[in-house]
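Chain naming here is simple, since letters A, B, ... match the order of the sequence lines and numbering starts at 1 in each.
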Number of protein chains: 2
Amino acid sequence: MDNIRRGNKQLIKELNRAILINTILNYGPVSRTRISEITDLGLSTVSNIVADLIKKELIYETGEEESSGGRRAILLEFNCNDRFVLGIKIGLDGIIIGLVNMKSKILDQHFIPSPVKSNEEIVLEVLIRAIRDLISKNHIKAEKILGCGIGVSGLVNQKEGTLVFSKILGWKQIRFKELLEKEFDFPIFVDKDVNVLTLTEKRFGVGKKINNFICITIGKGVGAGIVIKGDIYHGSYGGAGDFGHIIIDKDGPLCYCGKRGCLETFSSDQFIINKIKEALSNQQDTIIKDFLKKKEDLNSITVDTVLEAAQKGDVISKNIFQEVGKSLAIGIVSLVSLFDPELIVLGGEGVKAGELIFPTMRKVIRDNFPFKKEIKIVPLQPGEEGWIIGAAELVLSEVFKTPIFKSKGKVAIKSAFHW
Amino acid sequence: MDNIRRGNKQLIKELNRAILINTILNYGPVSRTRISEITDLGLSTVSNIVADLIKKELIYETGEEESSGGRRAILLEFNCNDRFVLGIKIGLDGIIIGLVNMKSKILDQHFIPSPVKSNEEIVLEVLIRAIRDLISKNHIKAEKILGCGIGVSGLVNQKEGTLVFSKILGWKQIRFKELLEKEFDFPIFVDKDVNVLTLTEKRFGVGKKINNFICITIGKGVGAGIVIKGDIYHGSYGGAGDFGHIIIDKDGPLCYCGKRGCLETFSSDQFIINKIKEALSNQQDTIIKDFLKKKEDLNSITVDTVLEAAQKGDVISKNIFQEVGKSLAIGIVSLVSLFDPELIVLGGEGVKAGELIFPTMRKVIRDNFPFKKEIKIVPLQPGEEGWIIGAAELVLSEVFKTPIFKSKGKVAIKSAFHW
DNA sequence: TAGATACTTTCTTCACTGAAACAAGTATCT
DNA sequence: AGATACTTGTTTCAGTGAAGAAAGTATCTA
């Protein structure tokens, strides 16, 4: 209540423009009359606002509809290629950068191999060059870029736009926002990679119309993006959704995070590798042996090695994935108890092993909720687009944010509703 | 965005009235000029709205302030005793019912001993009589009652206003809303007891200015009320916050809920009783023996018995409480990993044993987060007011809800901003 | 040409706004 | 004590500009 703007003509104006633009985004191409019907705004009001928005080049007329017995309707469309957004995903393998239009369509994307194990300066240098290259290659004026969103693995301070710490990347304290904003004239937004992927699912994917859901990523680590009442939930200090570090075994083994019995100690890539190494050193019968050139070459084993073995029918390997499935299920059971979500989405590298993990996982979940009707669990198609679109969405969601709330402090980005 | 009202004069009007009433509620008694400063509304606007609200008897002038060098300010106050709300808490021991004014002050309250193990009809009958008695005893016209909030232990369907199932009360499928609304002309709101208590803390207690926090109740069961972005989070099906049934030991003992290793199997009243019985049957040395008249009278042991023993220094009993503390800590660690809240509040019967439980709990939490700065954990004073105020708040929060959102379906309650 | 549908123009309404007027006090000087 | 200046709080009133209503225009079909 306290953070709501007072009512005056300015608010009405912005609000109705927001409603109108959103209607065109969702229903477009669409006529004035139809907009009036959908939004319940007066026809003259719609006409006036439309005229204003056309003048400002935010929308444009794009032909006529078939007649339905009278004058043909003039269709309106959002001018989504007038300005652009950059979406960046920083991963262990490298950086993916994409140019995205205002309707979240990827226009161009590039991959820059990893500058991992680098320090702040080098990472930033690579990013700056990548951004400049992308902009110039697409012949876009820099002032047409609305902003840049970055998704990165680790603990992120959203407000400061810094990566506080990332175990996987081996980085800490990288001031993306501050340093990139020095270089460019558009705002930078940073968030955890899981949250970025979750955002994509919320806006365009399986979570589109769902208010409360959780998107779990399985891979090097285990994380979760939490959507509550339609928004990503970050927690008070940005650390929410640390699904990999809930405790599923109170007297379990020590985790690198300092706790005991974390889910991640039973389900991450490292767990799989450790398990298979253990099996090998116990002389257990697994075809992984045949994969190794030298017998001692244990360090060359990756999750993909084990996955391949399991897919070829190796029992030991299959069992390991099943065990991962069981542990994930235990974690999900707790998630469901706490969040009671409508949907759980599974993403990340780990879905590649889905066939091996999910059946056990689903079974354990079912067994644990005998009185509850089946919980909707949907695996995601792997791919890079999700990350880019989500990162770009960090910017777009700000641009198209409902103009009802007071903006405290200096405004990071100008809302589309008073361009 | 889709659920936001379109901008027009009506919205401006309601919005500014809402802002003004809220300002008076928060800062009152307060002058027109001060309201203008706080809200940023024009002075003439404030005067106009005030005149309107005085006419509608929502606010009134209540004397003058000391002069600060000029004309004395006329103070305005919210007319909080013009209408009333009922708050009911249904517990194992009985029903507490309270008459609450619009500023959440309890004006009268009564206790009706338990109709537990009764069927739907009897429970409803008792409630109806209790409500009638309270209203007539206080000489209040029924039309002055805005609504009635009910807090009850168990799984609640908020929308339907039903208790779906309660293990503790042994009830299922009680249609509070439907049946009580047949009897009375005001709307009924039902929520889980934990959420009701949490609501009180959010509005008036330690959580007042905190956006994200969790309120844990310890007692017959273990539950949690979750506050996210200032609102209680219910989950998609009303089951969120089932903290007692997160899994802290994946291979732990079977819980009555059908899962294995639930927190509640390590921390509820039943756990404490079972543990002490076990100790007694193992002939361990505890002064509880002396408490029992007959040696075999094991079933007379309650948590209070064990608590008394522990407070008298009984080592076995003390250890049990410490074990509870440890298990709760493990659960809280997972909560923190998932929610990253600013604050954790501890309430419920269990706080009586706080001295025995909390030190261990805090230590285990600290040990588990070596890299994290201390987490704020605040125990609550036990008492009944919290339940009543929270239950009443279920109604008041609807009455004073920000008038920005579209109300879908038929409106449950008329907002104060267009009385 | 009648009827339907889409859009535009013109005019009205009404809640906020800001400036000025008014009201009622304090401070200070004679 | 009375006059004057200043301060603070409230009301009045003309003005603004957004939505909205109604009437008019444009364009299509049958």
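Crowding of A:Lys209 atom NZ: a count of heavy atoms from other residues, nucleotides or ligands under 6.0 Å not exceeding 12. Atom NZ of B:Lys229 is surrounded by more than 12 heavy atoms from other residues, nucleotides or ligands within 6.0 Å. With a 6.0 Å radius and a threshold of 12 heavy atoms from other residues, nucleotides or ligands, A:Lys141 has its NZ atom at or below the threshold.
One atom, CD1 of B:Ile74, and another, C1' of C:dA23, lie 10 Å apart when rounded to the nearest Å. In this structure, CD of A:Glu61 is placed 15 Å from P of C:dA6, rounded to the nearest angstrom. Rounded to an integer number of Å, the gap from CD of B:Glu37 to C1' of D:dT7 is 14 Å. Distance CD1 (A:Ile19) to P (D:dA19): 10 Å, rounded to an integer number of Å.
For the pair B:Arg17 and C:dA15, the criterion of a side-chain N or O lying under 4.0 Å from OP1 or OP2 is not met. Proximity of A:Arg6 to the phosphate of C:dT17: a side-chain N or O atom is located under 4.0 Å from OP1 or OP2. Contact annotation: A:Thr33 reaches the phosphate of C:dC7 (side-chain N/O to OP1 or OP2, under 4.0 Å).
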Item checked: Pairing string, 5' to 3', for DNA chain C - Watson-Crick or wobble contacts under 3.5 Å, brackets [ ] where pairs cross, | to another strand -> ||||||||||||||||||||||||||||||

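With salt bridges taken as basic N to acidic carboxylate O contacts below 4.0 Å, one links B:Arg32 and B:Glu61. Using a 4.0 Å cut-off between charged nitrogen and carboxylate oxygen, A:Arg5 and A:Glu14 count as a salt-bridge pair. Salt-bridge check for B:Arg83 with B:Glu57: failed, with every basic side-chain N at 4.0 Å or more from each acidic carboxylate O.
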Notebook entry, point to check: If the sugar-phosphate is the primed atoms plus P, OP1 and OP2 and the base is the rest, what is the B/S/- string for nucleotides 25-30 of chain D, using protein heavy atoms under 4.0 Å?
Noted result: -BBBS-

Next item on the list: Kindly determine whether B:Phe213 and B:Val206 satisfy side chain to side chain contact (heavy atoms under 4.5 Å, CB included), including the steps that lead there.
Entry: CA-CA 10 Å; B:Phe213 73 92; B:Val206 284; 5.8 Å; no

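A:Lys159 meets the salt bridge (Lys or Arg N to Asp or Glu O under 4.0 Å) test with no other residue; sequence neighbours excluded.
Nearest heavy-atom pair, B:Val196 versus B:Ile150, reported as atom, atom and distance to 0.1 Å: CG2-O, 4.4 Å. Across A:Ser104 and A:Phe204, no two heavy atoms sit closer than the pair OG-CZ, 3.2 Å. B:Asn195 approaches B:Ile226 most closely through the heavy-atom pair OD1-N, 4.4 Å.
Remark: A:Leu43, A:Ser44, A:Ser47 in residues 40-50 of chain A come within less than 4.0 Å of DNA chain C through at least one heavy atom. Within residues 8-16 of chain A, the residues approached by DNA chain D to less than 4.0 Å at the level of any non-hydrogen atom are A:Lys9, A:Ile12, A:Lys13, A:Asn16, in residue-number order.
For the residue pair B:His234/B:Asp191, the side-chain donor-acceptor check at 3.5 Å is satisfied.
Sorted pairs that involve residues 19-40 of chain B and meet ring pair (Phe, Tyr, Trp, His ring centres under 6.0 Å), not counting sequence neighbours, are lacking altogether.
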